[in-house]
Amino acid sequence: MIHEILPVGPLQCNCSIIGDEPSREAMVIDPGDDIADILALIQKHDLNVKQIVITHAHIDHVGGAMKLRAATGAPILLNQNDSALLKMLDLQAAWIGMAAPGKVDIDHSIGELDKVQAGPLVAQVMHTPGHTEGSVCLYFPKQQKLIAGDTLFAGSIGRTDLPGGSFEKIISSLHEKVLTLPDETVVVPGHGPLTTIGEERESNPFLQKS
Ligand SMILES: [Zn+2]
């Protein structure tokens, strides 16, 4: 499996480009910004983007989605519970000093038990509300890899003080869904370094049972 992780935009959102070598089919997860750099990597690996998957509708994750859709023709997949946030993208842009990206359309909503795929590479969608209502994580069981969006970070969890956020919900999403994955699972958070489920289960201060 080809997996490029590219930090994009002023908040350095981890954009993932996941490609299947035999078929050259690919998905791009969280193309927040720097679409020219993302397209250069797609071209370097000679990939054909079939899906644009967004973990949640914060601008640093979704800001470049329409540009990437225009360049590749791939549909945008995002959980519909983040529709309200999508309508606030210009306000979100003003908060962090980014250019307003204009309107972003959802082509297909993705939710619990849905699958996203690039050729034979399949990820299960886990609906993990808390950071936002529509936050999802993507689990690749064969590759033992989790794309966590802003639900889980190395040593921390996503903030819950923005519109749609809920500390109670993110904690239950983490305990009831994310932490049910095997310890060896490699976690690619929405920002910052990679970690594993085992490492976070052991030492993440937000996940300790008192
Ligand atoms: Zn976020």
Side-chain angles (χ1 to χ4, degrees), residues 5-18 27-35 38 52-68 76-106 109-112 116 123 125-139 145-175 177-178 187-195 200 204-207:
I5 300 169
L6 179 68
V8 295
L11 299 182
Q12 294 286 280
C13 162
N14 284 329
C15 171
S16 277
I17 299 166
I18 289 178
M27 70 174 83
V28 178
I29 303 164
D30 288 352
D33 202 354
D34 300 334
I35 297 305
I38 294 170
I52 299 165
V53 188
I54 310 295
T55 59
H56 65 290
H58 280 155
I59 189 165
D60 51 322
H61 296 256
V62 73
M66 292 299 270
K67 266 192 205 166
L68 187 63
I76 296 173
L77 281 54
L78 200 168
N79 183 275
Q80 61 190 1
N81 291 306
D82 270 359
S83 301
L85 282 174
L86 266 193
K87 294 195 184 101
M88 301 171 51
L89 280 183
D90 289 358
L91 181 63
Q92 291 190 48
W95 288 343
I96 64 166
M98 260 176 95
K103 189 172 171 292
V104 174
D105 304 320
I106 301 179
S109 178
I110 45 170
E112 187 71 18
V116 294
V125 176
M126 304 168 79
H127 182 213
T128 50
H131 177 62
T132 68
E133 279 291 333
S135 283
V136 299
C137 294
L138 305 171
Y139 177 51
K145 206 172 249 195
L146 181 77
I147 310 291
D150 287 357
T151 297
L152 179 62
F153 300 120
S156 189
I157 63 173
R159 60 190 287 186
T160 54
D161 59 330
L162 295 170
S166 159
F167 185 74
E168 289 73 21
K169 283 186 187 174
I170 199 170
I171 290 297
S172 62
S173 290
L174 285 161
H175 283 294
K177 296 188 180 169
V178 177
V187 179
V188 182
H191 302 267
L194 308 197
T195 182
E200 298 312 306
N204 188 313
F206 293 91
L207 301 179

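We count ligands from 1, going down the list as the structure has it; atoms in each ligand are counted the same way.
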Exercise. Relative to each other, are the rings of His56 and His131 parallel, tilted or perpendicular (30° and 60° limits)?
Worked result: perpendicular

Problem set entry | Closest non-hydrogen atom pair, Gly158 against Phe153 | CA-CE1, 3.6 Å

Exercise. Is there a side-chain contact between Asn204 and Leu152 (heavy atoms, below 4.5 Å)?
Worked result: yes

Problem set entry | Leu162 CG to Thr132 OG1 distance, which is reported to the nearest 0.5 Å | 10.0 Å

Problem set entry | Closest heavy-atom pair and its distance - Asp150, Ile170 | O-CD1, 4.4 Å

Exercise. Under 2.8 Å from the Zn ion (ligand 1), which protein atoms of type N, O or S occur, listed by chain and number?
Worked result: His56 NE2, His58 ND1, His131 NE2, Asp150 OD2

Name each donor-acceptor pair under 3.5 Å that joins a side chain in residues 90-97 to protein atoms two or more places apart or in another chain, with its distance.
residue, atom, partner, partner atom, Å
Gln92, OE1, Ile59, N, 2.8
Gln92, NE2, Ala57, O, 3.1
Gln92, NE2, Leu85, O, 3.1

